[in-house]
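Heads up, the thing below is written out as C-alpha cells.
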Protein chains: 2
Amino acid sequence: MNKFNEIYLDIESAILNQQYQAGELLPSENELAKSYNVSRETIRKALVLLLENGYIQKKQGKGSIVLDVQRFNFPVSGLTSYQELKSSQHINSKTILVKNIRQTMPDAVTKQLQLPKDTAVHFVERLRQVNGESIILDKDYLLTSVIPDLPDKEAENSLFQYIEQTLGLSIGYAQKEFTVEPVTKEDKQLMSLHGDTHVVVVRSSVYLEDTTLFQYTESRHRLDKFKFVDFARRRSPM
Amino acid sequence: MNKFNEIYLDIESAILNQQYQAGELLPSENELAKSYNVSRETIRKALVLLLENGYIQKKQGKGSIVLDVQRFNFPVSGLTSYQELKSSQHINSKTILVKNIRQTMPDAVTKQLQLPKDTAVHFVERLRQVNGESIILDKDYLLTSVIPDLPDKEAENSLFQYIEQTLGLSIGYAQKEFTVEPVTKEDKQLMSLHGDTHVVVVRSSVYLEDTTLFQYTESRHRLDKFKFVDFARRRSPM
DNA sequence: TAGTGGTCTAGACCACCGT
DNA sequence: CGGTGGTCTAGACCACTAA
C-alpha cells in the first residue's frame, strides 16, 4: 500500500475516533511529515484525500481544520454499490433475483451509448427488499464481451464484487443521471408502491479502467426511500 | 494563476476543441513536461484535474486516454449555482423574488445544524421560471452575522456572486441532500405543478473557506424538470 | 516575524505495458 | 527491453495568518 494512503486512513480513523475533534487544527504538514517520517509532499497527498472526503478544510497560513463529520453522515456520493451501502449502513435487507438471461441491449440504450445494435448482454433484474417491502428495482445490462458468464448465485450477490474479485477486472468510473419518472406497469407489478405515481430513476454507465463500457444500469427507487447525499467543494467558476 | 491550472485549462480546451480526440492518448507526462517547460509533478497536478472532471482516464504503462466528453454532457455535479447553470446551459429563464426579509432560522434547521436557537438570518424566497412556468422554488437562509445586508436587487440575481464578488468572501464547500417529498400548500400556490403530488427537495448547507456555515438552502424542483448528473470514480472499497 | 499551507523543481525508484 | 504512469524525496520560494 502507498504511504499517503496509509497516512490518510490513519488520520481518518483518528478523526472518526475523535482523537482529533471537530474545529481543531491538525498538526502542521511539517510536523506530520516528521512524525510519519515522510516528505511533506507525501503528507499533502494524504491531506488531499481527507479534503476530498470532507474530513478537513485547509486554510493557507492557518492550518487544516477538522470538520464535523457527524454532520456529513451519509457519504453516498461517488461510486458505491448497493451491497457496500447495505453493509456500511447495516440495513436489514434482502435481494431477490427476478431475471438473469442473455439478450441484446435495448435499442434506446445502444443508440444513446453509441454501441452497435444487437450488442449481447446479460440482463439481470433484481428487487431490493427492506422489511419485506420491495423498495428498489435494479435492471443491469452487462456486456458479454467483457463478462462472458454470470452465474445466478453471483447475480444474487454483488455484481461489483464478482467483477472485481472473481474476474479480476478493475472498475474505473461511472456516469450517473438522476431523474424522476412515471411508474411503469413493471414497477407496479414488482415493487411495493402504495399507489405512487412516480419513481426515482438512476441510470448509470459503468466503465473499466481501460475505458471499456461494460455495464448499463437502471435503478428504480421508491420515492420515500430515496436519499442521495453529496459533498461538494467550490471550484472557482472561472 | 498556477502553472498547473493554466496547463489544465489549456489541455481542457484542446479536448473540447477536439484537438485531442476521444480514445486518443495524450502526450506522455515527460513530453508534456518538456513542452510546457515544467516539472513532471506539475504536469501530473494538471492531469489530476482533468481526471477529476472526467476528461481523461489514466492507465499505468499505457498513458492518458481522452474520454468522450460529449457523452458526459451535463457536469452539474459539484457546487454550481442556478445562475452559473443557467448561463452555461443558455436556458431562457427568469427569477422572481417572492420574499427577502429578516427573521430567525426555523427551529428544525437550527437543531439539525447545531446552531443557536433564534439565529438571525435573511430569508430569501425565489421562483425560477422557464418558459413562463414556475419550475423551482428556492428558499435561502443566510446568516446575518456573515452577510449583514442583502439588497433586493442582489437577491434577484446571484447570491453567490454577491457573496464572492461584492462582499469578497470565499465559499468553501457544501453538503447537499436529495430527497423526494409531498408537495406543501406553498408549493401548490407558487409553483406550476399540474397536480403533481411530490417535488424533489435539495437541501444544502454551504460553508465559507474558514468553515463558517453561512447559508442553508431548500430548493424545491418540479419532478419532470429535475435532472442531476454525476461523474464518479471508483475508490477501492477497502 | 515566525509558522502555516501553496507551488514547483529535479531526480530517483518502482510497477506496469507493449514489443 | 524501453516507455509509460505511480510514488516519494529534499529542498526551494511564495502567499497568507497571527502575534
Side-chain angles (χ1 to χ4, degrees), chain A residues 1-11 20 23-52 55-67 168-173 208-212 233-236, chain B residues 1-11 20 23-52 55-67 168-173 208-212 233-236:
Chain A
M1 177 72 100
N2 309 330
K3 288 190 188 178
F4 70 82
N5 223 316
E6 301 271 16
I7 295 169
Y8 161 65
L9 293 175
D10 195 53
I11 300 179
Y20 297 122
E24 282 181 15
L25 293 177
L26 287 185
S28 77
E29 296 180 350
N30 282 316
E31 286 168 6
L32 288 170
K34 202 171 291 177
S35 72
Y36 280 103
N37 249 306
V38 297
S39 74
R40 196 179 137 216
E41 285 286 5
T42 300
I43 291 294
R44 284 177 59 75
K45 280 176 189 160
L47 295 186
V48 164
L49 293 179
L50 290 166
L51 199 68
E52 284 174 352
Y55 288 110
I56 62 171
Q57 172 75 3
K58 304 179 82 176
K59 197 65 201 290
Q60 199 173 37
K62 193 96 171 292
S64 299
I65 302 167
V66 178
L67 298 182
L169 300 171
S170 295
I171 298 173
Y173 55 96
L208 295 177
E209 271 189 0
D210 66 4
T211 78
T212 313
R233 288 195 174 275
R234 178 74 168 165
R235 295 184 51 76
S236 37
Chain B
M1 178 72 100
N2 309 330
K3 289 190 188 178
F4 70 83
N5 223 316
E6 300 271 18
I7 295 170
Y8 161 65
L9 294 174
D10 195 53
I11 299 178
Y20 298 122
E24 280 180 16
L25 293 178
L26 287 185
S28 76
E29 296 181 351
N30 283 316
E31 285 168 7
L32 288 171
K34 202 171 291 178
S35 71
Y36 280 103
N37 249 305
V38 297
S39 75
R40 195 180 139 217
E41 285 285 4
T42 299
I43 292 294
R44 284 178 58 76
K45 280 176 189 162
L47 295 186
V48 164
L49 292 179
L50 290 166
L51 199 69
E52 283 175 353
Y55 287 110
I56 63 171
Q57 173 73 5
K58 303 179 82 176
K59 195 64 201 288
Q60 199 173 37
K62 192 96 173 291
S64 298
I65 304 166
V66 178
L67 298 183
L169 300 171
S170 295
I171 297 172
Y173 55 96
L208 296 177
E209 271 188 359
D210 67 2
T211 78
T212 312
R233 290 195 173 276
R234 177 72 168 167
R235 296 183 51 76
S236 35

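Proteins get letters first, then strands, A, B, ... in listed order; numbering begins at 1 in each.
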(request) Taking side-chain contact (heavy atoms from CB on, under 4.5 Å) as the test, write out the residues that go with A:Asp10, two or more places apart. (result) A:Tyr36
(request) For residues A:Leu47 and A:Ser64, report the shortest heavy-atom separation together with the two atoms involved. (result) CD1-OG, 4.0 Å
(request) Could you check how far CZ of B:Phe4 sits from C1' of C:dT9, rounded to whole Å? (result) 14 Å
(message) Test of understanding: with side-chain contact (heavy atoms from CB on, under 4.5 Å), list the residues that count as partners of A:Glu41, not counting sequence neighbours.
(response) A:Ser39, A:Arg44, B:Lys45
(message) Restricting to side-chain contact (heavy atoms from CB on, under 4.5 Å), what partner residues turn up for A:Ser28, sequence neighbours left out?
(response) A:Asn30, A:Glu31
(request) Measure the distance from CD on B:Glu41 to C1' on D:dA10 and round it to the nearest whole Å. (result) 13 Å
(message) Applying side chain to side chain donor-acceptor pair (under 3.5 Å), can you list everything that pairs with A:Thr212, at least two apart in sequence or on another chain?
(response) A:Asp210
(message) Heavy atoms within less than 4.0 Å of DNA chain D: which residues of residues 23-33 of chain A have one? Give them sorted by number.
(response) none
(request) Take atom CZ of B:Arg44 and atom P of D:dC8, then tell me their distance rounded to the nearest Å. (result) 11 Å
(message) Could you tell me how far apart B:Asn2 (CG) and D:dC16 (C1') are, to the nearest whole angstrom?
(response) 15 Å
Pairwise N/O distances under 3.5 Å, protein to nucleotides 13-16 of chain C:
unit_1	atom_1	unit_2	atom_2	d
C:dC16	O4'	B:Gln60	OE1	3.4

(request) Could you check B:Gly63 against A:Val38 and say which one's nearest nucleotide on DNA chain D is further toward the 5' end? (result) B:Gly63
(request) Take the protein atom OH of A:Tyr36 and the nucleotide atom C1' of D:dT7, then report the distance between them rounded to whole Å. (result) 18 Å
(request) Round to the nearest Å and state the distance from B:Ile7 atom CD1 to C:dT7 atom P. (result) 13 Å
(request) Rounded to the nearest angstrom, tell me the gap between atom CD1 in A:Ile56 and atom C1' in C:dG5. (result) 11 Å
(request) Ignoring the backbone of A:Lys3, work out which of D:dG5, D:dT9, C:dT9 is nearest its side chain. (result) D:dT9
(message) Can you tell me if B:Thr42 touches the phosphate of C:dT9, counting only side-chain N or O atoms and a distance under 4.0 Å to OP1 or OP2?
(response) yes
(request) Could you tell me which residues satisfy side chain to side chain donor-acceptor pair (under 3.5 Å) with B:Lys62, sequence neighbours excluded, listed by chain and number? (result) none
(message) Which residues pass the side-chain contact (heavy atoms from CB on, under 4.5 Å) test with B:Ser170, not counting sequence neighbours?
(response) B:Glu209
(request) Go through the structure and list residues passing salt bridge (charged side-chain N to carboxylate O under 4.0 Å, His left out) with B:Lys59, not counting sequence neighbours. (result) none
(request) Measure from CD on B:Gln57 to C1' on D:dG6 and round the result to the nearest Å. (result) 14 Å
(message) Salt bridge or not between A:Glu52 and B:Arg233? Use side-chain N to carboxylate O under 4.0 Å.
(response) no
